Structure formats: structure tokens, C-alpha cells
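One structure is given here, and the rest of the page talks about it.
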Amino acid sequence: MTAYIVRRIWQMIPTMLGVIVLVFLLFNWVGGDPAYVLAGKISSAEQIANIRRQLGVDQPYYVQLWIFIKQVLTGNFGASWSTNEPVSHILATRLGPSLTLLIPWLILSTLISIGLALAVAYVRASLTDRMVMITCTIGLSISILVYIIVFQYVFAYKLGWFPVQGWGDSFWQNLIVYASLPIIILLVVSIAPDLRLFRTFVLDEINQDYVRTGRAKGLSENRIMWVHVLRNASIPIITHVMATLPGLLIGAFLIERFFSIPGIGREVILAVERSDFPVIKAITVYVAAATMIFNLLADLMYKAVDPRVQLK
Amino acid sequence: MPFDIPHTVSPSLWALAWKRLRADRVAMVSLAIVALFVVQMILSGAGLIAKDWAKEAGVNYAPPTLQGPDAESTGPAAAAGGATTAQAAAEEPTELPVQDPLADALAAIRGETKKPGGTEAAAAEGQSVDPLADVMADIRAKGTKADVAEARAATLPLGGDKWGRDVLKKTIKGSETSIFVGLAAAVVATFLGTVFGAAAGYYGRWLDDFFNWFYSVFTAIPYLLLILAVAAVLQQKGIMTIVLILGLTGWTGVFRLIRGEYLKHKGREYVQAADAIGASNARRMFVHILPNVSHVVLVQLSILTVGFIKAEVILSFLGFGVPVDVVSWGSMLNEAQNELILGKWWQLAAAGTAMAVLVTAFSLFTDALRDALDPKLK
């Protein structure tokens with residue numbers, strides 16, 4: 001087990017280097033000289049030379065790459081180009097609001113989707129099943145933008161059930177008052193695809209021999225579905241949830257933007273709008289690292305759920 | 001004398017797939033809807049329909065015809081600011097909606113320099129000393145003239161936007177942009193994924209290692225974040241830019257599948273036979289194997305198109321997508337967001353519905369296509 005984890009972490013190094021080189025090439029080479037971006041429209045040759053020296057872009061490329069690698073390792077990306085706030089401070093303060101939104105959403109979304117998927121798969125090919133699937137397909141096709149705009153208008157602006165936008169300092173106030181409508185919208189958007197996917201996972205299990213054996217020995221339908229089928233279907237479900245987890249940090253960016261929630265996703269949008277390269281670079285590299293770690297955790301969780309799985 | 005051996009031609013994979021697809025009623029309806037959208041895209045691209053979408057055909061925020069003309073249509077128009085000033089001024093000449101905030105101060109200063117003492121009265125009267133009074137009068141006159149000349153419609157089939165442009169035409173033009181971007185980006189991504197996947201799967205060894213590493217690098221970064229990072233770097237906006245952004249970042253799924261297919265196929269007898277008759281590597285890869293995996297390519301192309309249409313809408317909504325002089329469903333939704341607060345729901349409904357219909361039809365068609373091409377999956 002330990003040997004496996006060590007080997008997996010060892011294998012992450014070339015991928016991580018690749019991510020660093022990709023981000024480096026993107027921002028230092030494809031995008032042209034960053035000094036011109038930072039200096040903006042009004043700039044003299046002298047100013048640009050100054051900025052180039054500050055950023056280190058007057059050095060050869062391999063030196064610049066080394067500077068970037070050191071930044072990634074020490075977590076010191078310098079200051080944001082637009083607000084002068086240290087990038088590490090931006091990341092630390094924006095993570096909280098994002099997680100306040102994402103953790104309750106992820107838990108609710110997964111539980112509701114699993115429950116519905118088991119129910120729908122149990123009555124498979126019935127009218128209920130087909131109606132639910134059609135609703136899901138249509139629901140999936142409506143842009144998330146439309147959901148956000150309409151829900152915000154109807155439930156916050158017209159009916160006044162929720163604040164239109166905002167964020168406070170108290171965790172509970174944020175969670176109950178400000179995060180509830182965003183979480184509801186995210187649930188509406190995410191349950192449709194998850195339900196469709198989880199239903200196929202459950203359907204793969206529901207015709208297996210062990211289900212028939214369970215019925216034959218007189219187990220209740222509830223026990224068959226919630227204990228036997230669910231445990232077997234949970235392997236692909238865990239893969240799916242773990243694989244989407246780091247992406248969610250960014251995926252909620254539209255919600256964060258509409259509701260002015262100071263999270264990571266909104267920070268990315270702001271950084272792209274302001275060409276704030278250090279912030280985008282830092283977020284990209286760290287989210288990529290998180291993705292790799294979560295993939296490893298997903299593999300370790302299979303082992304916990306299904307002892308037959310051999311980690312190689 | 002040659003014998004005439006009776007033989008039956010067995011139907012090809014494509015003929016069989018088409019037959020299965022024909023039997024599927026949902027698939028045929030969705031195919032018809034998708035075809036309708038594509039025809040509309042070509043027509044509007046050729047300039048045959050919706051060419052004058054930018055023309056201000058109706059009054060500002062002209063409501064849809066079914067709802068009937070709006071009694072107080074000038075109210076929100078006045079609040080909309082900038083571009084509507086001329087028209088609003090024409091309709092409410094007594095009550096200028098946009099006051100120069102500096103007018104009073106300027107008037108006061110000017111009054112003071114001219115006749116020191118007792119300036120308050122002059123400042124209060126305002127308009128006579130307003131330095132913009134002449135300009136405003138000019139605009140007012142022009143506005144009236146323009147109104148008489150064009151006679152804008154009070155209602156439009158699907159309503160009008162802030163400037164009175166026809167929402168129906170904008171939706172058609174927006175579909176052209178969104179579908180074109182979706183299709184073109186999907187072609188780029190599928191091409192890259194197929195070539196990379198074929199090379200990695202066919203040659204194996206270090207090339208496979210290299211492409212697998214490349215794949216793991218690209219998949220380590222969440223897709224939306226990668227798109228936003230590339231959008232941040234590419235400063236110039238344009239339809240081709242967004243096609244490239246989506247295409248260059250979206251090849252990973254195709255790569256994984258095609259690589260697997262090539263690994264499976266390269267050891268088969270027909271490839272060995274091709275080797276025996278002296279076919280080159282490139283010929284074996286693209287002439288012999290590719291047709292046998294082309295159904296995978298086609299399904300991926302279809303899946304990617306739907307995904308890219310959705311991605312383009314989000315990018316354009318955020319202002320990282322198409323340039324401002326091009327209309328897309330995303331930029332329409334962006335305008336609609338502010339219009340909804342004023343109660344002007346029609347642009348949101350038009351863009352949202354058009355997109356939902358196309359994406360639903362395309363997704364259903366993709367599912368049917370996959371089932372038809374690969375019945376084993378069922």
C-alpha cells in the first residue's frame with residue numbers, strides 16, 4: 001500500500017512538470033512579452049525595460065522557467081498585477097467562500113442523485129423512468145446561464161425569498177442566507193447529468209446474479225437496493241465524484257460571479273478580465289496538483305469500497 | 001467463358017447504421033431539427049436571411065407582436081443610457097433624461113466669470129447657459145427627423161432589444177455564430193485527437209509514452225480553467241480565436257478512445273495483410289485502420305459539437321468569446337440579464353429556447369447515432 005502511494009506520487013512529477021512548462025509557455029511565450037501586458041497602453045520604453053527586469057523576463061528562457069518552478073514550490077507568486085495583493089493571500093482568502101458553497105452542494109447533489117438513480121433504475125423502462133429521463137435531457141440542454149438569470153430574478157429579485165447577491169463575514173450567515181439560492185441552482189443544474197450517469201451505473205448492477213440470489217434468499221427489496229446494489233454501483237460513482245471534485249472549484253465560477261461570492265472561480269474570471277497573469281498561473285498550477293491528488297485518493301477509495309480491487 | 005457466380009452484396013456498416021437510425025423515430029426528428037439549424041446557419045452565413053440584424057427596426061425594447069405594443073415603452077429606454085439618448089430625447093423633449101451632471105457647476109462658473117454676484121438665478125435656470133444646450137437641441141432635431149424617416153415598428157415578431165433590433169434576426173444570426181463555432185472547434189479537436197491517438201496507438205513505445213504524458217498534462221488542468229487561461233493570453237478576439245481555443249484544448253477525450261481502438265486494431269489480420277502487400281505505415285494507419293474506427297470518430301465529433309456550443313455561449317457571455325460586433329447566443333444572454341430586471345424577457349426567452357432546442361435535438365441524435373453505429377454497446 002505504502003509502496004503504491006509512493007510510486008503514484010513519484011509518477012506525478014513528470015505530469016506536474018508538464019503542467020508547469022505548459023503554463024509557462026502559455027503565459028511567457030504564446031501571450032507575447034508579459035511586460036507589455038502589465039505596462040498597459042501608456043508606457044515608455046524605459047518603463048517596459050524596468051518591468052521586464054522586475055519580472056525577470058529579460059533573462060534567458062531557462063532562467064525564467066527556473067524562477068517559475070521556484071515560485072510554484074515556495075508558493076510565492078508575488079503580488080497580483082491589478083490589486084497588488086499577494087497571490088498566496090488571494091488564494092487563501094478565496095478558498096473559504098468557494099468551499100462554503102461547494103461542500104454542501106456536493107453532499108446534497110451526490111445523495112439526491114444516488115437516491116433518485118436507485119429509484120428510477122428500480123422502475124426501469126416504466127413511464128416514470130422515461131419521463132424522468134426526458135426531463136433530465138431537456139433540463140441538461142438549457143444553458144446554466146438561463147437557470148441562473150431566471151432563478152435570481154424570480155426567487156431573489158421578484159419574490160425576495162433570498163438576497164439578490166452578497167456575502168458576509170459570519171460562516172453561518174453565509175451558508176444559510178447567501179449560499180442557499182446558489183446551492184439550489186447548482187443542484188438543479190448538476191442533478192440532471194448525475195442522475196442519468198448514476199442510473200446507468202445502477203442498471204449495470206441490477207441484473208447481476210447476486211441480486212437474484214438476494215431475492216431468492218428472501219432479502220427485502222430495500223436491502224437489495226440500498227445495501228447490495230448501492231455498494232457495487234458506488235465504485236464508478238466514487239470515480240466520477242472524485243474526478244469532478246477539483247474542477248468544481250472553477251465550475252462554480254458563473255454562480256460566484258452572479259451572486260458576488262468572493263470565491264476562487266470569481267477570482268479566475270476577474271483575473272482573466274484584468275490580464276492578471278500571476279493569479280491565473282497560480283490557480284492553474286495548484287488546481288492541477290489538486291486534480292492529481294484527488295485521482296490518487298479516488299483509487300485508494302476503491303480499495304476501501306471494493307476489497308477485490310488490486311492496486312498495481 | 002466466365003461463370004456468372006450469383007452473389008449478394010452484404011450491406012456496409014454505414015448502410016446498416018442508417019437503416020437502424022431510420023427506424024428510430026426520435027433520432028429522425030432530432031436529425032431534422034439539427035438539419036434545419038444547419039441550413040439556417042448556411043443561409044444566414046451566405047447573407048440570404050437576417051442580413052440586416054443590426055438595423056434598428058423597432059422602437060427600443062419593442063415587445064413581441066403577440067403581447068402588443070408597450071404603452072410606456074420610453075421609460076426603460078431612457079434609463080438605458082448612452083446610445084438611446086437621441087431617441088429618448090425625441091420622444092420626451094420636455095424632460096431630458098440625460099442631464100449633464102456638470103451643467104449646473106459649469107453654468108455657475110461661467111456666470112461667476114461673466115457677472116460676479118447674483119449668479120444663483122442664472123444657474124437655477126440652467127438650460128439657457130447649459131453649454132450642451134445647443135448640442136442637445138441638435139440631437140433632438142436629428143432624432144425627430146430620423147424617427148419620421150424610418151418609422152420604427154411598435155412591435156416585432158419576437159420583440160426588440162435595447163436599440164430596437166429585431167430579436168428574431170439576432171437569434172438567427174446568433175445561431176449561425178454558435179453552431180459554426182461548435183462545429184469548427186469540434187472538427188479541429190477531433191482531427192488533433194485522431195492524429196495523436198493514431199500515432200500513439202499505432203507506433204507505441206516512446207511516441208505512446210510521449211502522447212500519454214501530454215494527455216495527462218492536459219487532463220490534469222480542469223477543462224474550463226484551461227480555456228480561461230488560454231483566453232486570458234490570447235488578447236485579440238475573433239471567431240477563429242475561440243475556435244482555436246476550444247479546439248486546441250478539447251482533443252483529450254477523442255485521443256483516449258482512438259488510441260485504444262488503434263491498439264486493438266494494429267494486430268489484426270487485415271493490417272498484417274496490408275503490411276504483406278507493402279502498404280506504408282501511414283497508409284495502414286489512415287487508409288486501412290481509420291475507416292474501421294471512423295464510427296468512434298463520428299460519435300465523438302457529435303458529442304464535442306454539443307459541448308463546444310455550450311462552452312462558446314458561456315465564453316461569449318463572459319465577454320471572452322466573440323467580438324462585440326458579432327452576435328452570439330452568449331452575448332444575447334448577457335444583454336438579456338439586464339433587460340430582465342426591466343421586465344423585458346423576450347431576448348432571454350429567444351436565445352435560451354433556441355439553444356435548448358438545438359442542444360436537446362443534437363444530444364438525442366448523438367445518443368441514437370452511437371446506438372446505431374455500435375449496437376454492441378446496448
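Here is the naming used below: chain letters follow the sequence lines, and residue numbers restart at 1 for every chain. If you're wondering where the values come from, they're calculated on a predicted model, not measured in any experiment.
For the pair Pro222(B)/Thr291(A), a side-chain contact is recorded, criterion being any heavy-atom separation below 4.5 Å from C-beta on. In this structure, Phe320(B) and Ile269(A) have side chains that are in contact, with non-hydrogen atoms separated by less than 4.5 Å.
In this structure, the portion of Phe218(B) lying under 4.5 Å from any heavy atom of chain A is its side chain and not its backbone. Looking at Leu348(B), only its side chain comes within 4.5 Å of chain A, counting heavy atoms on both sides. For Thr353(B), no part lies under 4.5 angstrom from a heavy atom of chain A. Residue Glu273(A) touches chain B through both its backbone and its side chain, counting heavy-atom pairs closer than 4.5 Å. Asn334(B) does not touch chain A: none of its heavy atoms, backbone or side chain, sits under 4.5 Å away. Both the backbone and the side chain of Ile149(A) come within contact range of chain B, each with at least one heavy atom under 4.5 Å from a heavy atom of that chain. Heavy-atom distances place no part of Leu358(B) under 4.5 Å from chain A, backbone and side chain included.
Annotation: the span from Leu140(A) atom CG to Lys310(B) atom NZ amounts to 5.0 Å, rounded to 0.5 Å. Summarising the geometry, atom CH2 belonging to Trp329(B) is positioned 10.5 Å from atom OG belonging to Ser143(A); distances are rounded to the nearest 0.5 Å. Here the OG atom belonging to Ser363(B) is positioned 7.0 Å from the CZ atom belonging to Arg196(A), to the nearest 0.5 angstrom.
Between chain A and the residues Leu318(B), Leu226(B), Thr219(B), Val313(B), the most heavy-atom pairs under 4.5 angstrom are made by Leu318(B). Note on Val285(A), Asn295(A), Thr284(A), Ile280(A): by heavy-atom pairs under 4.5 Å with chain B, the leading option is Thr284(A).
Closest approach of Val19(A) to Val217(B), counting heavy atoms only: N-CG1, 3.7 Å. A pairwise comparison of heavy atoms in Ala220(B) and Thr15(A) identifies CB-CG2, 4.4 Å as the closest pair. Taking both residues in full, the closest heavy atoms of Ile221(B) and Leu22(A) are given as CD1-CD2, 3.8 Å, listed atom of the first, atom of the second, then distance.
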Exercise. Evaluate the criterion side chain to side chain contact (heavy atoms under 4.5 Å, CB included) for residue pair Tyr153(A) and Gln337(B); output intermediate values, then yes/no.
Key: CA-CA 9 Å; Tyr153(A) 176 71; Gln337(B) 185 199 348; over 6 Å; no
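You'll find the ring centres of Phe317(B) and Phe253(A) outside the 6.0 Å limit.
Other residues, nucleotides and ligands contribute more than 12 heavy atoms inside 6.0 Å of the CE atom of Met28(B).
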